[in-house]
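See below for the structure under consideration.
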Protein chains: 2
Amino acid sequence: MANYIKLRARLMRDDDIAFGPGKAQLLDAIESTGSISAAAREVGMSYRRAWLLVDTMNRCFREPLVHSAPGGKHGGGAEVTEAGRRIRQRYRQMEQALRDLADDFETSLENELN
Amino acid sequence: MANYIKLRARLMRDDDIAFGPGKAQLLDAIESTGSISAAAREVGMSYRRAWLLVDTMNRCFREPLVHSAPGGKHGGGAEVTEAGRRIRQRYRQMEQALRDLADDFETSLENELN
DNA sequence: TACCGCTATATCCTGCCATGCATAACGAAT
DNA sequence: ATTCGTTATGCATGGCAGGATATAGCGGTA
């Protein structure tokens, strides 16, 4: 596909991103791996970055989206909370609406583009 | 406003942004000032950046969105073409739809946010 | 008790991108 | 001919976001 609409929806709170595409993806990876560091490896970002994203998320919302505990391979780790799943679901729904909008816009411009 | 949804819609073509919020704003400024450099000053970006944006726009679409000619205060300058106004209008329309979507999403999360 | 892999955090490093500066040519007016 | 404010383009510098690295403490397992 040579040309397409790229949409990104970010939930801003003051100056930091409360939720966005990267955080949604990270949430998925945390859910499937059970740890922040493994999720970071899976997604291909540094642990530092992943931890910062989680921290920002948790600070921006009333309830944390990720619950984490120190400790080794068995015992510690991180999990997505109920609030996390709820918010992610809402985000996914709006993402879908966004894609529909994008398709409309794209077809309305298809004869103008190179 | 402490928390709000920030949406940006970019029309991508390969790896560069054919159209987006910055380019829409720049187009307005070019229309009102009649030159790229004056528009850059008005918007608060460097001339180089403004010129690059215009160049990208013009390369991505069939017809140029901005027509420019060298030469001094009287004679040279830049103007928004008919195609430019057409595309910008389409973009504005979709931006409005985007804002409506954002409002819905925001209210659906208002009790979760800090 | 030793080990492993995780959370959490501070500090340092580096690569990239935008900005700013420099330059050349142009076109109209005076 | 001179001046002014453009377009158009290249180059170098600097700032900063993010990655890499180091360290400390934790919680299970074997």
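Because only heavy atoms are used, hydrogens play no part in the values below, and waters and symmetry mates are left out as well, while side chains stay in. Order of the sequence lines sets the chain letters (A, B, ...), proteins ahead of strands, with each chain counted from 1. Small disclaimer: the values here were computed from a predicted structure and weren't measured.
Checked by distance alone, A/R48 brings a side-chain donor or acceptor within 3.5 Å of a matching partner on the base of C/dT11.
Nucleic acid contact for A/G71: base, since at least one base atom lies under 4.0 Å from a heavy atom of the residue. Residue contacts for B/I36: at a heavy-atom cut-off of 4.0 Å it reaches the sugar-phosphate backbone alone, with no base atom in range. Residue A/G72 is classed as a base contact, given a heavy-atom separation below 4.0 Å to a base.
Contact check on A/R59 versus A/D14 returns no salt bridge, with no Lys/Arg side-chain nitrogen under 4.0 Å from an Asp/Glu carboxylate oxygen.
Distance B/E79 CD to D/dT6 P: 16 Å, rounded to the nearest Å. For the pair A/R59 CZ and C/dT9 C1', the interatomic distance rounds to 14 Å; values are reported in whole Å. For the pair A/H74 NE2 and C/dC3 P, the computed distance is 17 Å after rounding to whole Å. Atoms CG (B/L52) and P (C/dG20) sit 14 Å apart, rounded to a whole Å. Look at OH on A/Y47: it is 18 Å from P on D/dG18, rounded to the nearest Å. Here C/dG27 presents its C1' atom at 14 Å from NE2 of B/H67, a figure rounded to the nearest Å. Atom-to-atom, CG of B/L53 to P of C/dC17 comes out at 15 Å; the value is rounded to the nearest Å. Taking atom CE of residue B/M45 and atom P of nucleotide C/dG20, one finds them 12 Å apart after rounding to whole Å.
Contact check for A/T56 versus A/C60: side-chain heavy atoms found under the 4.5 Å cut-off. The side-chain heavy atoms of A/S46 and A/W51, taken from C-beta on, include no pair separated by under 4.5 Å.
The side chain of A/R41 lies closest to C/dC6 when the candidates are D/dG5, C/dC6, D/dT6. The nucleotide whose nearest atom lies closest to any side-chain atom of A/W51 is, among D/dC4, C/dA28, C/dT9, C/dT9.
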key: side chain to side chain donor-acceptor pair (under 3.5 Å) between B/R99 and B/Q96, worked out   = CA-CA 5 Å; B/R99 266 190 296 273; B/Q96 180 57 47; 3.0 Å; yes
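One finds a side-chain N or O of A/S37 lying less than 4.0 angstrom from the OP1 or OP2 phosphate oxygen of C/dT7. Between B/S46 and C/dA18 there is no side-chain N or O to OP1 or OP2 distance below 4.0 Å. The phosphate of C/dC6 (OP1 or OP2) has no side-chain N or O of A/S68 nearer than 4.0 angstrom.
Both A/D55 and A/A38 sit near DNA chain C, but only A/A38 has its closest nucleotide nearer the 5' end. For B/A78 and A/R49, each mapped to the nucleotide of DNA chain D holding its nearest heavy atom, the one lying further toward the 5' end belongs to B/A78.
Contact between A/R88 and A/D28 at its shortest, heavy atoms only, is NH1-OD1, 2.5 Å.
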